[in-house]
Every structure is written in structure tokens, then in C-alpha cells.
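Atom set for the values below is all heavy atoms of this structure, side chains included, hydrogens, waters and symmetry mates excluded.
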Amino acid sequence: MLRVLYLVHDLSDPAVRRRVLMLRAGDASVTLAGFRRGANRLADIEGVTPIDLGATGDARFAQRIVAGAGAAATLSRRLSGIETPDVILARNLETLALAGRAAARFGDVPVAYECLDIHRLMLRNGVLGRALRGAERHFGRRAGLVVTSSPAFVEHYFKPLSGIRAPVHLLENQVLELNADAGGLPARARPAGEPWRIGWFGAIRCRKSLDLLSAFTRRMAGRFEVVLRGRPAHGEFDDFEGRIAREPFIRFEGPYRNPEDLAAIYGAVDFTWAIDFFEEGRNSLWLLPNRLYEGCRHGALPIVLDGTETARLARQRGVGVTLANDRAETLFNRFADFDGEAYAALYANLVKLGTRPWVLDRADCAAFVQRLAALRQPPAPAAAFASLPSLVANKVDCHDR
């Protein structure tokens, strides 16, 4: 059994829980160590008690550097009671900085770097951006593998900017589905007179999206509603709770468990808001968000923005609704005459694909653990990044096997 030490930036991030479950389903044992974010509770992960490395805060970059330095100073003591890992998986730059120290403590353990978002500070052209990329390059010199979730991250960041020359493992943000009998897409039956519902689930951090959806739902006067679920980034909004309370057609229904609650929450909406302007022009163009896969797996059609990696994938797979631009008028015009017949045609396209393109199963978990296990072999000579095959080609292969 492969022993994995998983260093994470935010123990309460639902994606951390999903990755731990994935590693365990692939027959790895996991030791989890990471930072708490503010008042958030530690991740509720069955059978895994996290090692607490300290508290950090959203959008508090300087404080996170200080917390990271404190964790580095005490890391050896904090890890003293665990079994020597075979591989260290470090999520985000702040734990990559700790991975080398942890690897040295246990006798040069191989390191994999998991990077599923490119922070806007990493992309700056000034002193700070160059310093952060230099730090990533320095701490990433031990990395034998980069794990990332979108080909666009490789093409636009890791190849031209990062300086880390490790091979890339593309691991999309698909739904973790360990039950072989989970079933196909649900039947869709809408009661007459019900409003169309758009679900915006996950990290609620995009003020521009909220403004756009507010203008749209008010103009639609009740024909469309928006349901929010997940974790709001309160620092990105002046008064999130107050703002939602003032919106007649938008409501926030709290957190949820991933993957246990996905079928229920997506089954209650017709569309998934798969647009993000949080890091407009860079990360928001390149990412493939969790909600895209979750919505498609559970029958909620994605709404995407043209020119993004999300729209490219949706278009190539023939699913969802693509907006030409980010203007409220465009959103209104696209749905002004929308009816049940239009929805049925779009939903039929989604049904044709089945669920396989949107999920990770036990075989995928085992393949990922095997890829990590291969890091224990002597490293091959460094090579330049190779262009990644298209996601569609990848998933057709998966679907056909």
C-alpha cells in the first residue's frame, strides 16, 4: 500500500476531502497535514485525523507567508509521530514550500505538486510576480510530477512561466463516484409554471457573476431563479448576507457535502452557472471548474462563456448554453424565449454522452495512485513539456474502454 503524506493549504476545502477519498479508493494510506482557514472547521474526512499546521486567512497573503514560516520551523516535530511516507503530495505553493523540508526529514521522499488554480499574484509582471514564480521554481525543484486540472494551465502557465520542468499529470475536476451502481442521468420533469433555476455551487467568490445574475433575474421577474450553495468568500463581497437578502430571485442555501449531496442539489436546478470572473483574463479563462462536471453528471446544463476553456470543452462535447459575452443584455436575450422544448433538446445532447466523461471511478483512483507510486523509481532525464492531447480525445478513449 502506498503511503502518501498530503500537505494542504486549507483543511476545510471540499476538494481536499475529495482527493483524500480518491487516494484511499486507489489503495493508498493517507496522512493529512495542513492549515486551517479562519474559523472553518477541519475537514471531515472519514478515518483521517489531520495534523494542524496553523491558521491562515482568505486573501491574507502576508499572513499566510508568516504562517508558512512558522509551520516550517515546527514541521519536523509535528511529523515526528507518523510513518515514513512513500510520496509527498503538496497542494498549492504554500505547502510546496514545506514539502522539501518534509522530504528531507524522511530521507529524500519524492514530491508531487498539486496546482489546480493559478493565483493572480503568480501572473504579475512586476517584482512580486517574479519573486513568487522564483519561489515556486526553487521549491519545485524537488517535484517529480505536477498535478493540474486543465490543459490551459499547462499551455499558458507551466510551459511559458513556471520554470518547473516536471512531467504533468492531468487530473480533471470530475465527480468522484465510487459506487459502480450510481446510475445514469436522471429523468427531468418540470411542473407547469415553475421558474427555471440556475445553480451556482461551490466557491462563491465572484462579485461580477452575482451582479450579472442579479440584473438578469430581476429583469426576468421570476421566470428564472438562482440558488447558491457552498462557501462564500466573504472578503470579496461588501455584505454577502445582506446582498442576498435584498435579492428577490436569488437565495443562498448553505454548504453541502461533496460528493454525497451532489445529486440532490443539482437535481433541484435546471442549469449550472459555470462562469467565473474572479481572476478575469487569466485563471478564469483557463480553469475547468468542479461545477461543470458536477452539473453535467447530474443533469444540470452548464451556462458557459465563449472564449474560455470551459466553453471549449462544452462546445466540443455539444452540451450547455454558451454566452457570446459577459453583458447582462446577452444573457437576457439568450433566455428571453427559452421554453421546455429548447431545454429538452439540450438535455437530449447531454443524455447521449452518458455519465462517464464527468466522473472518476475506482479505476481512475487506482491509476492516479499508481502514477504517484512511479515517483519512487529513479527519475528520467528532464524533458520539455509536451503538448497535451485534447480533453475530448482523452474522454472518448475513457468512454470507449
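A heavy-atom distance below 4.5 Å is not found between the side chains of Leu262 and Tyr293. Looking only at side-chain heavy atoms (C-beta outward), Asp86 and Met1 stay at 4.5 Å or farther from each other. Using a 4.5 Å cut-off on side-chain heavy atoms (C-beta onward), Val175 and Cys296 make no contact. A 4.5 Å side-chain heavy-atom check between Leu353 and Trp358 finds at least one atom pair inside the cut-off.
Under the ring-ring contact (aromatic ring centres under 6.0 Å, His included) criterion, the residue pairs touching residues 161-193 are His169-Phe368, with sequence neighbours excluded. Sorted by first and then second residue, the side chain to side chain donor-acceptor pair (under 3.5 Å) pairs involving residues 319-328 (not counting sequence neighbours) are Lys208-Asp326, Asn325-Thr330.
Annotation: cation-pi pair Arg219/Phe332 present, NZ/CZ under 6.0 Å from the ring centroid and within 45° of its normal. Cation-pi geometry between Arg223 and Phe338 is not satisfied (NZ or CZ under 6.0 Å from the ring centre, within 45° of the ring normal).
The aromatic ring centres of Tyr266 and Tyr256 sit 6.0 Å or more apart. Ring centroids of Trp286 and Tyr157 are separated by 6.0 Å or more, keeping the two rings apart.
Scored by the side-chain hydrogen bond (donor to acceptor under 3.5 Å, both in side chains) test, Asp108 finds Arg142 as partners (sequence neighbours excluded).
Salt-bridge check for Glu236 with Arg207: failed, with every basic side-chain N at 4.0 Å or more from each acidic carboxylate O. A salt bridge does not link Arg36 to Asp10: none of the charged side-chain nitrogens sits closer than 4.0 Å to a carboxylate oxygen. Here Asp270 does not pair with Arg197 in a salt bridge; the nearest charged N to carboxylate O distance is not below 4.0 Å. A salt bridge is absent between Asp261 and Arg229; no separation between the charged side-chain nitrogens and carboxylate oxygens falls under 4.0 Å. At a threshold of 4.0 Å, the pair Glu241-Arg243 does not count as salt-bridged, since none of the basic side-chain nitrogens sits closer than that to a carboxylate oxygen. Taking the charged nitrogens against the carboxylate oxygens, Glu294 and Arg291 have no contact shorter than 4.0 Å, which rules out a salt bridge. The pair Asp52-Arg78 fails the salt-bridge criterion, with no side-chain N (NZ, NE, NH1 or NH2) lying under 4.0 Å from an Asp/Glu carboxylate O.
Checking side-chain atoms of Thr310 against main-chain N and O of Leu288 turns up no donor-acceptor pair under 3.5 Å.
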